[in-house]
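Note sheet for the following structure.
All ligand and atom numbering here is 1-based and tracks the order in the structure. A quick note: this is a predicted structure, and the numbers were derived from the prediction, not measured.
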Amino acid sequence: MAKYLKVNSNNISKESLEYAVKVLENGGLVAFPTETVYGLGADAFNPLAIKKIFIVKERPFDNPIIVHVGKIEEVYSLAEYISPEAEKLMKSFWPGPLTLIFPRSSLVDDLITAGSNKVAIRQPNHPIALALLNTFGRPICAPSANLSGRPSPTKAEHVLEDLGDRIDLILDGGEVIWGVESTVLDLTGEIPLILRPGACPKENIEEILGKRVEIWRGKGENVPSPGLKHKHYAPKVPLYIIKINEEWKNKINNWIKEGKKVGVLASEEYRSFYPDGVKLVIVGTRKNLATVASNLFGAMRYLEEEVDIILSEAYPLEGLGLAIMDRLRRASYENSNWL
Ligand code: TXA
Ligand code: MG
């Protein structure tokens, strides 16, 4: 069983950090909070430790991992080339929820990049993550600390649930801030390309770069970010993205008549739309999509234990709404024709 340490973000205990660093130095796995979701960290220069990440998460080996750094300077040894645009973005958004793709240097292990010649790097903005990185003094590679395919962990209890018996240490720093993962941006091509929408909005990146940024929307084999072709974020019961209309109201009523337990991820604004008999979780308000993002994965994990079907409303495809809809589409992709 993983050792479980509660850590206070405002007063980080030195002993906990030193213990975590020992685990990493010995090739172990440490789950730690970042501002987006919990990460499952290993020494980025220890191939055996990196391999363990894939095994415990049951993650396909063709899905590369993000390297986390405590200081921007570390990027210069991990990347072969850093464009002026990348420098601008690092200055503007780091530490923060923006992952940048660079041509990799020979220091980066093949397992991390899944054999590709590019590496994904970010500097997380969480006091515990930064303290861990800077005490360790080397980069830490870390995917989200969930079993592959499951909703990402937004609190330490989620990590315990998925991986408690498979990893060495969980640093419990409470709930994360954003609740959706970082935006993954590839600057190595002609046009900046968002491979995964996330907590850093497209509009903010465009403002800093002064030009349009595209979102990768392809399908099939030619996938620039291999993680995108795997099933993701799925709760244990089917999830449907619904519309607020009479047709859906009837559908919900029919499910209830059939004796199905229906759970809803609802916004404050549409609370009164839903018929009696559904289990309602208000995830947040449409006036501030950060509230919705931060509750999304936790509410999926809660409802999957309580109901047979989960429903979610749709959100506008702008700002954080883009990341929210990306996660919902992936969680529901067999059940919705939104893709
Ligand atoms: O917010 C986050 O990004 C969290 C925290 C822990 O930092 N991490 C995270 O990692 O979400 P993970 O492994 O769950 O998702 C990483 C995504 C995957 O879609 C992966 O395919 C993509 O980033 N990725 C990683 N390295 C890549 C690379 N070299 N080229 C293209 N895509 C890459
Ligand atoms: Mg993940």
Side-chain angles (χ1 to χ4, degrees), residues 29-42 44 50 53-54 56-70 78-80 93-105 108-126 128-130 132-133 139-154 156 158-159 162-163 171 173 176-189 193-200 216 222-234 293-294 297 323 326-327 330-331:
L29 302 184
V30 176
F32 62 95
T34 80
E35 80 280 33
T36 55
V37 300
Y38 272 75
L40 178 63
I50 302 164
I53 288 183
F54 288 91
V56 304
K57 272 185 61 98
E58 299 172 24
R59 182 182 179 98
F61 279 98
D62 67 357
N63 191 2
I65 300 178
I66 298 170
V67 179
H68 295 66
V69 295
L78 299 167
E80 197 178 70
F93 295 110
W94 284 14
L98 176 66
T99 295
L100 296 173
I101 306 272
F102 299 91
R104 73 167 196 183
S105 80
V108 182
D109 197 276
D110 266 341
L111 279 169
I112 290 180
T113 65
S116 131
N117 54 6
K118 295 175 188 175
V119 60
I121 309 177
R122 86 177 188 102
Q123 184 189 36
N125 188 14
H126 190 288
I128 297 176
L130 285 172
L132 179 64
L133 281 159
I140 294 176
C141 62
S144 50
N146 51 284
L147 278 174
S148 199
R150 299 267 300 131
S152 294
T154 54
H158 299 153
V159 182
D162 276 17
L163 301 171
L171 296 178
V176 299
I177 300 154
W178 288 106
V180 288
E181 300 86 342
S182 62
T183 302
V184 179
L185 180 71
D186 189 347
L187 286 169
T188 63
L193 192 61
I194 290 182
L195 303 183
R196 177 181 71 181
C200 183
W216 184 83
N222 205 4
V223 182
S225 182
L228 299 172
K229 74 181 181 218
H230 300 295
K231 184 166 174 164
H232 258 104
Y233 314 117
S294 68
F297 289 138
D326 173 79
R327 304 309 184 267
R330 288 177 203 284

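There is a side-chain donor-acceptor pair under 3.5 Å between Glu181 and Ser152. Counted by atom type alone, Thr99 and Ser182 present one or more donor-acceptor pairs between their side chains at under 3.5 Å.
Of all atoms in ligand 1, listed by their number and element, those nearer than 4.0 Å to a heavy atom of Lys118 are 29 (N). The contact set between ligand 1 and Ile101, taken as ligand atoms under 4.0 Å from a residue heavy atom, comprises 28 (C), 30 (N), 31 (C), 32 (N). Numbered from 1 in the order shown, with element, the atoms of ligand 1 that lie under 4.0 Å from a heavy atom of Asn63 read 18 (C), 20 (C), 21 (O). Those atoms of ligand 1 that come under 4.0 Å of a heavy atom in Ser182, given as number and element, are 1 (O), 2 (C), 3 (O). Close approach to His68 involves these atoms of ligand 1, each under 4.0 Å from a residue heavy atom: 5 (C), 6 (C), 7 (O). Residue contact check: Arg59 has heavy atoms under 4.0 Å from atoms 13 (O) of ligand 1. Counting the atoms of ligand 1 from 1 in the order shown, those under 4.0 Å from a heavy atom of Ala120 are 25 (C), 26 (N), 27 (C), 29 (N).
Between the side chain of Glu35 and the main chain of Asn125, a donor-acceptor pair closer than 3.5 Å is present.
Looking at Tyr38 next to ligand 1, no N or O pair under 3.5 Å apart turns up. Note: an N/O pair closer than 3.5 Å links Thr36 and ligand 1 by distance alone. Residue contacts with ligand 1: Arg122 is placed with a nitrogen or oxygen under 3.5 Å of a nitrogen or oxygen of the ligand (distance criterion only). Taking only nitrogen or oxygen atoms, main chain and side chain alike, Arg196 reaches within less than 3.5 Å of ligand 1.
Ala44 and Ile50 get closest at one heavy-atom pair: O-CD1, 3.6 Å. Arg122 and Gly96 get closest at one heavy-atom pair: NH1-O, 3.1 Å.
Between His68 and Phe32, the ring-plane angle classifies as perpendicular under the 30° and 60° cut-offs.
Taking only non-hydrogen atoms, the option from Ala114, Pro124, Ser144 nearest to atom 14 (O) of ligand 1 is Ser144.
Distances from the Mg ion (ligand 2) show that Ser148 has no N/O/S atom below 2.8 Å.
A salt bridge between Arg104 and Asp110 is present, with a side-chain N of the basic residue lying under 4.0 Å from a carboxylate O of the acidic one. With respect to the salt-bridge test (charged N to carboxylate O, under 4.0 angstrom), the residues Arg150 and Glu58 do not qualify.
Each of Ile101, Val119, Val67 was compared with Thr113 under the side-chain contact (heavy atoms from CB on, under 4.5 Å) criterion, and only Val119 meets it.
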